[in-house]
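Single-structure report; data block below.
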Amino acid sequence: MKDGTVRTRFAPSPTGYLHIGGARTALFSWLHARHEGGAFILRVEDTDAQRSTKESSLQILKAMEWLGLEWDEGPIYQSQRLDIYRSYVQKLLDEGKAYWCECTPEELEAKRKTALEKGEKPKYDLTCRSKGLGPGPGRVVRMALPSSGFTSFDDMIKGRISVDNAELDDFILLRSDGMPTYNLVVVIDDALMNITHVIRGDDHVNNTPRQVLIYEALQFDLPCFAHVPMILGSDKTRLSKRHGATSVTAYKDMGYLPEALVNYLVRLSWSHGDQEIFSRQELIDLFDIRDVGKSAAVFNPEKLLWLNHHYIKTGDPDRLARLLPDFLTARGYPVPDHSYIRRVIVDVRERTKTLEEIVDFGDFYFIDREPPAELKESFFKPELLQPFRMLIERIENLDLSEKTAVEGAVKSLLDETGIKFKVLAQPMRVALTGKTVSPGIFEVLATLGTERAVGRLKRALAYMEQKSENT
RNA sequence: GGUCCCAUCGUCUAGUGGCCCAGGACACCGGCCUCUCACGCCGGAGACAGGGGUUCGACUCCCCUUGGGACUACCA
């Protein structure tokens, strides 16, 4: 255990986009640092030269920013710290705690296969352990592990975990291409960066004993470990593309709000009584890594949607309005001015769960399209001709944003003609929106404005006139 | 196969030996509200994997079984 200020880190490998699971691990790590008033460090684990890409790193950083998981140090790239790792490998070599190995991947693979066939544990058979080899082409450095005893550690989430050293084998520290491996670099960096709390996915639990052995060999202080449960797909297997979108960026593009994703993710394996909605500050105040549960959670897109809807409904309309243009453009719609978008959002937000849905559900606010033929056919009946004519006459000189005036005008029309609003409402809705489902008629009228609204009503009227002439 | 981990409604979870014939949320069903659809409100159905212990008393503690997951790479 370390004392002093808390320091946590998130250490993604840039081999793809930021995954939902990784995002939650990052969130927990970030929350723990913020809760404790400590520092959050971002470190890019790109020691796999084959699979790591610069684009991935950039994508991940952008996703982190979008989520609001700001880091205090970094990003630190491991690929730029190779000399450091090699010097520690040399130290282990010098102290006889590691050794060179000339076994080829092919030989190893063959041995693994036969061991498996014989029902034995496929671990390295120590062929080169006592050969006293030096460096050479194709050679790797292996850690020399004790063959007896137990290695254990206390996990803040899982409790004490203990493994028989006989289960571990002399794993590789330095690859034949000179690149260090994960288990080595993660220990060196966490130690050198004074990470006090290693918070990561529990798929790393089995690696931890190996790392503990490295900490001991290098005489580093052990950090606190907290292995957070995995996020599973609906079939309880590791969450993957098969289950739908898994990247943070995909949710952003589908019109999800970062606070919704954060709120959803934090409730996976963590809770605070019966509370479901958490502001960022509440999370920082309330989050305790020790309250994280032990079992895996299934990702439930429906609940995420519900949360997103909650934040759409309650969010600042101005901010939402600023986010909308991207989605408008994506649909090929023109981008109206801010105050218009803002009014649209207030109109539709109760019935739209994502920013994308705002655009789709409220498309008629942005583009002018004639209602589909079948709707015109069933709603623009000739008997409505007169009421529509009166309606237009009475509102075309009104400011439609004066809702009480408009409602008054419609009401007097209803009183005089004796028809029910129910009868007039749907045809009006179809004329105005081209749909049978929309926000309230008076809201639509107000937002659309006199010119647009009356224009569409007149178009419906023309259809009725034409129809009555033909019959 | 071996090792490690996990196990409350379909899902996320509350529950830390009696407050629980188990609470909340999403989804689902019904009703109310109503210009459509939503929102909102009210109500409903729905779980302690199984078996042994421990205990006056187990969802809560222990063991076994079953089920699930992770790891077992010159990936991280």
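Nothing here was measured: the structure is a model prediction, and the numbers come from that model. Lettering of chains follows the sequences in order, A, B, ..., and the numbering in each one begins at 1.
For rG24(B), its base sits under 3.5 Å from the side chain of Glu276(A) at one donor and acceptor pair at least.
Nucleotide rC41(B) forms a Watson-Crick or G-U wobble pair with rG31(B), both donor-acceptor distances falling under 3.5 Å. Pair assignment for rC4(B): rG69(B), on the basis of Watson-Crick or G-U wobble contacts that are both within less than 3.5 Å. Under the Watson-Crick and G-U wobble criteria, each requiring two contacts below 3.5 Å, nucleotide rC56(B) is paired to rG18(B).
In this view, Arg86(A) satisfies the side chain to side chain donor-acceptor pair (under 3.5 Å) rule with no residue, not counting sequence neighbours.
At whole-Å resolution of the value, CG in Leu432(A) and P in rC35(B) are 17 Å apart. Between the CG atom of Asp164(A) and the C1' atom of rC5(B) there is a distance of 17 Å, given to the nearest Å. Asn300(A) has its CG atom 13 Å from the C1' atom of rC28(B), to the nearest Å. For the pair Phe379(A) CZ and rC35(B) C1', the interatomic distance rounds to 12 Å; values are reported in whole Å.
Arg142(A) forms no cation-pi arrangement with Phe171(A), by the criterion of a distance under 6.0 Å to the ring centre and an angle within 45° of the ring axis. For the pair Lys353(A) and Tyr256(A), the cation does not sit on the ring face, since its NZ or CZ is not both under 6.0 Å from the ring centre and inside 45° of the axis.
Between Asn183(A) and Arg267(A), the residue whose closest nucleotide on RNA chain B is further toward the 5' end is Arg267(A).
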request  = Do nucleotides 68-73 of chain B as a string where each nucleotide becomes B, S or -: B if the base has a protein heavy atom under 4.0 Å, S if just the sugar-phosphate does, - if no protein is that close.
outcome  = -SBS-S
query = Should His227(A) and Thr208(A) be marked as a side chain to side chain donor-acceptor pair (under 3.5 Å) after you check the CA-CA gap, both sets of side-chain angles, and the distance that decides it?
reply = CA-CA 10 Å; His227(A) 288 95; Thr208(A) 309; 3.1 Å; yes
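An OP1 or OP2 oxygen of rA14(B) is reached within less than 4.0 angstrom by a side-chain nitrogen or oxygen of Ser271(A).
Summarising the local packing, CZ of Arg160(A) is surrounded by more than 12 heavy atoms from other residues, nucleotides or ligands at distances under 6.0 Å. Under a cut-off of 6.0 angstrom, the local environment of NZ in Lys113(A) is sparse, with at most 12 non-hydrogen atoms contributed by other residues, nucleotides or ligands.
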